[in-house]
Amino acid sequence: MKQVFVNIVTIQGFSFAFGLNEEGIVLASSFNPETLKRLLKEDGYEPMVDSSQGRDIRTMVEKYFKGEKVILERIPVLMKGTDFQIKVWEQTRKIPYGKTITYGELAKKVNSSPRAVGMALSRNRIPLFIPCHRVIGKKGIGGFTPDVKIKRDLLKLEGGKP
DNA sequence: GAGTCATTTCCAC
DNA sequence: GTGGAAATGACTC
């Protein structure tokens, strides 16, 4: 059983946790530390809360929640999923900070349908590092797992709009 | 405005 | 296995 270093960041009312391996690659993240640990265990990892690892990533995450512009897409992550899901996630990572696109636009990029895109995004195990909160509906914010409220907060954080 | 179909995955039967 | 539903949206009547 492989060990995974888990960092938990609690700041500005957010509670965010991520797990990384010895190489510093992010394996999973979640807005609920318990959910993250469960995810890692289901994947055959042994989560170990140890903030001595991944300090640079935690610093970036903390800055991000304080409203600073941080390039999270240069952090290495492990994308595990179907070909289609990975394609959608890669496109999602290309969305710049503070910008949003619709499910329809993203669907066009991968030659698919908005519905399928939403499904792929809901299977995203690495929120924030894959900025799925920047993908919104054309007529409404769309959805978010586990809670749409988090998505709204993140967009407010990036856009600075009330 | 309401109904229908497209595309991919998950869940319950 | 199969059928319905889900982070939607575009098209038709």
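Residue numbering restarts at 1 for every chain, and letters A, B, ... go by the order of the sequence lines.
In textbook terms, a nucleotide whose glycosidic angle is within 90° of 0 is syn, and C:dA7 is one such case.
A salt bridge between A:K109 and A:E105 is absent, with no side-chain N of the basic residue lying under 4.0 Å from a carboxylate O of the acidic one. Ion pairing between A:E42 and A:R38 holds under the 4.0 Å rule for side-chain N and carboxylate O. With respect to the salt-bridge test (charged N to carboxylate O, under 4.0 angstrom), the residues A:E22 and A:K2 do not qualify.
Comparing the C1' positions of B:dA2 and C:dA7 gives a spacing of 23 Å, expressed to the nearest Å. C:dG4 and B:dT4 are spaced 14 Å apart, taking the P atom of each and rounding to whole Å.
When all heavy atoms of A:T92 and A:L106 are compared, the closest pair comes out as OG1-CD2, 3.7 Å. In terms of heavy-atom proximity, A:T35 sits nearest to A:S30 at CB-OG, 3.6 Å.
At whole-Å resolution of the value, CG in A:L106 and P in C:dA10 are 13 Å apart. Atoms CG (A:N111) and P (B:dA6) sit 17 Å apart, rounded to a whole Å. We find that CD1 of A:I86 is positioned 15 Å from P of B:dT8, with the value rounded to whole Å.
Ring geometry for A:F144 versus A:H133: interplanar angle over 60°, hence perpendicular rather than tilted (30 to 60°). Ring-plane geometry between A:Y64 and A:Y97 is classed as perpendicular, the angle between the planes exceeding 60 degrees on a 0 to 90 degree scale with a lower cut at 30.
Within the 4.5 Å cutoff, no side-chain heavy atoms of A:Y103 are placed close to those of A:K138.
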Give every pair of a protein N or O atom and an N or O atom of nucleotides 6-9 of chain C that lie under 3.5 Å apart, one pair per line with the distance.
{"unit_1": "C:dA6", "atom_1": "N9", "unit_2": "A:R115", "atom_2": "NH2", "d": "3.4"}
{"unit_1": "C:dA6", "atom_1": "N7", "unit_2": "A:R115", "atom_2": "NE", "d": "3.1"}
{"unit_1": "C:dA6", "atom_1": "N7", "unit_2": "A:R115", "atom_2": "NH2", "d": "2.5"}
{"unit_1": "C:dA7", "atom_1": "O4'", "unit_2": "A:G143", "atom_2": "N", "d": "3.4"}
{"unit_1": "C:dA7", "atom_1": "N9", "unit_2": "A:Y103", "atom_2": "OH", "d": "3.2"}
{"unit_1": "C:dA7", "atom_1": "N7", "unit_2": "A:G118", "atom_2": "O", "d": "3.3"}
{"unit_1": "C:dA7", "atom_1": "N6", "unit_2": "A:L121", "atom_2": "O", "d": "2.6"}
{"unit_1": "C:dA7", "atom_1": "N6", "unit_2": "A:S122", "atom_2": "N", "d": "3.4"}
{"unit_1": "C:dA7", "atom_1": "N1", "unit_2": "A:T145", "atom_2": "N", "d": "3.3"}
{"unit_1": "C:dA7", "atom_1": "N3", "unit_2": "A:G143", "atom_2": "O", "d": "3.1"}
{"unit_1": "C:dA7", "atom_1": "N3", "unit_2": "A:F144", "atom_2": "N", "d": "3.1"}
{"unit_1": "C:dT8", "atom_1": "O4", "unit_2": "A:R115", "atom_2": "NH1", "d": "2.5"}
{"unit_1": "C:dG9", "atom_1": "OP1", "unit_2": "A:K138", "atom_2": "N", "d": "2.5"}
{"unit_1": "C:dG9", "atom_1": "OP2", "unit_2": "A:K138", "atom_2": "N", "d": "3.0"}

**Message:** Please convert DNA chain B into dot-bracket. A pair counts if it is Watson-Crick or G-U wobble with both distances under 3.5 Å; crossing pairs go in [ ] and bases paired with another strand get |.
**Reply:** ||||||.||||||

